[in-house]
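A short write-up of the structure that comes next.
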Amino acid sequence: MAGSLGAVTVRARFAPSPTGFLHVGSANTALKNWLFARSTGGTFVLRIEDTDVDRSRPELVDEILRTLEWLGLDWDEGPYRQSERADRYRDAVEQLRTDGWLYDSEGALRFRVPDEGVTAWDDAIRGHVEFENANLEDFVVQRSNGTAVFLLANAVDDIDMGITHAIRGEDLVNTVPKVLLIMRALGAPGDLTYAHLPLLVNERRKKLSKRDGVVAVEDYRARGYLPEALANYLSLLGWGPPDGVEVRPMKEIVELFRLDDVTKASAFFDTKKLASFNGQYLRALSTEAWVEAAQPWLSGPEAPWPREAYDPAVVERLAPEVQERVNVLAEVPQWLGWAFLDEPDIDPAAWASVEKFEASPQVLDAAIEAYADCPWEWPVLQERLGGAVDALELKMRKAQAPVRVAVMGRSVGPPLWQSLEVLGRERTLARLRAARARL
Ligand code: GLU
């Protein structure tokens, strides 16, 4: 069935309106169209729906294209821009007017919806849907300034571009009857297949919104998500592979994807699950590739320390440990910042627990003494503090904490002994003394 579904050669399209950054919901729509086109050997068309000049922002078009490329969603045709097809829409309006479908009302041209009957379609995801024509109002197709509205441009383009499947968000279901009426009035050879994807919701099952945190793909990119992880996660919204294996290469997802398997129940956009996917993809990188991916947060614009402070030797030593523990690259500075800053950034909650632990002064004193002149190698550092802690009749797990907070400023971080080793005797002792003085 390569290239076709039955007799139909698939032509799917992603048709964003450039009114904002690419939202994860739109990225999901783009991805599902891309998967459908790739899995059927069809064509993936990109069309920019920028007829609304008041809301469209041309600079966002490039942004959307870049984001699609970053996600690996390559298109075969386009981007077509509706703003360049005004003549074609005027011709279509002329045809509709000549055929008696339109009338003038308050300066705009309206489409006359039949009074009786229903407008119906078989949605590939939602099944049979129908609207009573009596409940549809006559609607504007051309504004008084001569520009086409979305409904008309959308109908004309799907006909002209030979689109066979319109896969898009559920929020557009209400526009279908009007678009179908226009298409049929224009003499379209047949209806295209609509497939309305489920809405993305938050954990309270409410429509995902800005208040739920990060919703722009660009922001995920900026926080250090890998495109492969995000695309893999998005593929699972409203769809799942038959074998239940969720984390897998896009090539396999393309082989397994079936539009018929997409469900209509709303899909929970689980940011924790997405972060955990990203962690899995980050851990799968070679350490070199991981260090390279983390560079913007280590020595680039995202690093909260001066560029000169960055020491690749520290990263080389600790990268495998941090790579094991980090889900999102934007967390990397918290894990390694203590090594590059003159003084650690002390987290107040971590410091409060040091103050609360009654043995903190003895532990810090013991560490300062033990580290004054021992060989500076991590097994020795571990053993020396171990001895001192035994003498104080404390448990190592608890006794480590004041030392860790003194040198790192936080209670979580890379393994302590290796960290002390890279920090060096002088800086370690200075930090231990500063913490002791603060108590
Ligand atoms: N331009 C519409 C939107 O961004 C999508 C229209 C369609 O996919 O048919 O909401």
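Counting convention: from 1, in listed order, for ligands and their atoms alike. Just so you know, residue 1 is the first one in the sequence shown, and it goes up from there.
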Ligand 1 atoms in contact with [X] (distance to a heavy atom under 4.0 Å):
| X | result |
| --- | --- |
| Arg168 | 7 (C), 8 (O), 9 (O) |
| Arg13 | 7 (C), 8 (O), 9 (O) |
| Ser17 | 1 (N), 2 (C), 3 (C), 4 (O) |
| Asn154 | 6 (C), 7 (C), 9 (O) |

Within-cut-off N or O pair, Glu49 and ligand 1, under 3.5 Å:
yes
Could you verify whether a donor N or O on one side chain and an acceptor N or O on the other, from Asn202 and Asp212, lie under 3.5 Å apart?
yes
Does the side chain of Gln295 come under 3.5 Å of the side chain of Tyr310 through a donor N or O and an acceptor N or O?
yes
Check this for me, if you would: do Asp157 and Arg85 make a salt bridge, where the nitrogen-to-carboxylate-oxygen distance has to be below 4.0 angstrom?
yes
Taking Asp52 for its side chain and Val149 for its backbone only, find out whether a donor-acceptor pair lies under 3.5 Å.
no
Check whether Thr98 reaches the backbone of Glu94 with its side chain - one donor and one acceptor, N or O, closer than 3.5 Å.
yes
Are Arg438 and Trp351 in a cation-pi setup, meaning NZ or CZ lies under 6.0 angstrom from the ring centre and within 45 degrees of the ring axis?
yes
Which residue supplies the protein heavy atom nearest to atom 10 (O) of ligand 1, what is that atom called, and how far is it?
Leu172 CD1, 4.0 Å
Students often mix this up, so state it plainly: with edges at 30° and 60°, are the rings of Tyr220 and Phe269 parallel, tilted or perpendicular?
perpendicular
The answer for which part of Asp171 has a heavy atom under 4.0 Å from ligand 1 is neither
Measuring from the heavy atoms of Ala15, does anything fall under 4.0 Å of ligand 1?
yes
Check whether any heavy atom of Phe14 sits under 4.0 Å from an atom of ligand 1.
no
